[in-house]
Amino acid sequence: MDYRTKIAIITLLYMRRRRRHRFWVHPIRQYRRSHSEYYRLVQELRFDDVLFQRYFRLNKTEFDKLLTILAPRITMQNTSFRLAIPPAERLAICLRYLATGDSFTTISYSYRVGVCTVASIVRGVSQAIWECLLDDYMPVPSKQDWSNIAAGFLEQWNFPNCLGSIDGKHVVIQAPPNSGSLFHNYKGTFSPVLLAVVDAKYLFRIIDVGGYGRNSDGGTLANSAFGEALRNGNLDLPDDSVLPGSQHCTPLPHVFVGDEAFPLQRNLLRPFPGCNLSREKRIYNYRLSRARLTVECAFGILTSQWRMNRRLLTVNPAKAEVCVKATCILHNFLRMSRRGTRNHLCVSSWQREGPAALQEAPRLGSNNAARVAIRIRDAFSAYFCTEGAVPWQHLVL
Ligand SMILES: *[C@@H]1O[C@H](CO)[C@@H](O)[C@H](O)[C@H]1NC(C)=O
Ligand SMILES: *[C@@H]1O[C@H](CO)[C@@H](O)[C@H](O)[C@H]1NC(C)=O
Ligand SMILES: *[C@@H]1O[C@H](CO)[C@@H](O)[C@H](O)[C@H]1NC(C)=O
């Protein structure tokens, strides 16, 4: 008897017995182990490195390495009435969701498991990915780490004393029921925000997801744990130091660089607002936006590899948050494993900043902290026109 006939018969029995047998499995699922995408397609993909990597974003070696790390966390026990889905299959389902952003329903058909099972696997495995990789692939930076990041920015982006570029990205999700307007951001969609600090090599060093969408990035920063640590000086930042080549000047603090949406602070630089700027200010803005490219590139790479970040998510915000965190740490996992192979797929986008962004500019107070911040920005600005000048900045502006 071929399996289609079997399915037809079993389905018939299934309809009859459904009431009596609570744990009867639908025949479509019964054939999971012989016919599902995991047991057919994925096993075939193992013979083709290119397609395997396109399908999961990880190559075989990386998939197996990740599985070894996660297995203790995501292995479920068999029960007397049902075999547990093995860890490799769970990981496949989760990665496929993160890589494509397909709906749980779509994935439940191709992997022949229930929609709720897909949802719980995605959530559980994403959480495991985040927790198991955190210590190795996104540890809280120490003072030495911050210094190394600053060295990287100086070398690759000609920006001294820079601890990372910071930006917020809205993760678009459909409005959860009864959420009121909490998630309603200014672009008219519902979304949590991914706030990220990225180093010179496009690695996420700190991320913060949540800060529900209505806030501007500046507001998100203020409400985030990172923003609070920055304000309170709990980040273990390196001491102030003189910029290279300007030993006669006073030491300057180490800074994060952000766009117009962020407030100017002692450790946070933003561009000069407005259009009619002096040459010195334009050069500063150019050099700043150059360093800021790293965060835009990191977001670009993240969303093109893990398309869940690009598609309208229909999951609830708490789940979206776990998934976004998982993709960020997978991004680091891949970049750190593949050190040496480069994929600079970035285009310069610093020109595109328009007046729209400028409207977000927070107003500077006139207190002492604000004056200090302004003085620091002016010092960087002067530096980029003197000792810190690079030859091509004159060609660009
Ligand atoms: C569950 O049962 C299957 C098939 O007998 C076995 O291969 C698998 O190792 C078992 N899983 C656990 C966690 O015991
Ligand atoms: C731009 O600034 C210069 C001097 O800072 C001023 O003379 C000029 O009128 C300004 N132009 C506009 C359009 O505001
Ligand atoms: C997978 O990528 C790793 C680097 O992350 C590389 O060392 C390995 O050779 C690759 N394996 C395959 C099968 O392509």
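Quick caveat: nothing in here was measured; it's all calculated off a predicted structure. As the structure lists them, so they are numbered: ligands from 1, and atoms in each ligand from 1. Scope of the values below: all heavy atoms of this structure, side chains included, with no hydrogens, waters or symmetry mates.
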Closest non-hydrogen protein atom to [atom], residue and atom name please, with distance?
{"atom": "atom 3 (C) of ligand 3", "answer": "N59 ND2, 3.6 Å"}
{"atom": "atom 9 (O) of ligand 3", "answer": "T61 OG1, 4.6 Å"}
{"atom": "atom 1 (C) of ligand 1", "answer": "N78 ND2, 1.5 Å"}
{"atom": "atom 5 (O) of ligand 1", "answer": "L83 CD2, 4.4 Å"}

In the complex you have, is [atom] within reach of the protein, judged by whether a heavy-atom distance drops under 4.0 Å?
{"atom": "atom 14 (O) of ligand 1", "answer": "yes"}
{"atom": "atom 7 (O) of ligand 1", "answer": "no"}
{"atom": "atom 11 (N) of ligand 3", "answer": "yes"}

For F384, the option from F272, F159, Y286 that meets ring pair (Phe, Tyr, Trp, His ring centres under 6.0 Å)
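Only match with F384 under ring pair (Phe, Tyr, Trp, His ring centres under 6.0 Å): F159.
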Atoms in ligand 3 with a heavy atom of S337 nearer than 4.0 Å:
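Contacts of ligand 3 toward S337, numbered from 1: 4 (C), 5 (O).
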Is the backbone of D145 close enough, under 3.5 Å, to the side chain of S142 for a donor and an acceptor to pair up by distance?
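Side chain of S142 to backbone of D145, a donor-acceptor pair under 3.5 Å: yes, one is there.
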So, does R40 use its side chain to make a donor-acceptor pair with the main chain of S34 at under 3.5 Å?
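Judged by distance alone, yes, a pair lies under 3.5 Å.
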Within-cut-off N or O pair, E62 and ligand 3, under 3.5 Å
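In this structure, E62 places an N or O atom under 3.5 Å from an N or O of ligand 3.
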Below the 3.5 angstrom mark, is there an N/O of K60, backbone or side chain, next to an N/O of ligand 3?
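For ligand 3, there is no N or O atom that lies under 3.5 Å from one belonging to K60.
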Applying the 4.5 Å side-chain criterion to the ILVMFWY set and letting contacts propagate, would F333 and M336 be lumped into a single cluster?
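The answer is yes; both residues are in one hydrophobic cluster.
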salt_bridge(R266, D240) N-O dist < 4.0 Å:
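A salt bridge links R266 with D240.
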Just how far is it from atom CZ of R46 to atom CG of D64, taken to the nearest 0.5 Å?
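Result: 4.5 Å between the selected atoms.
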Go through ligand 1 atom by atom and flag the ones less than 4.0 Å from a non-hydrogen atom of M76.
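Selected atoms, number and element: 13 (C).
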Axial cation check for Y111 ring with R32, 6.0 Å and 45° limits:
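No, R32 does not lie over the aromatic ring of Y111.
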Angle between ring planes, W146 versus F256, binned at 30° and 60°: parallel, tilted or perpendicular?
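Correct class here is perpendicular.
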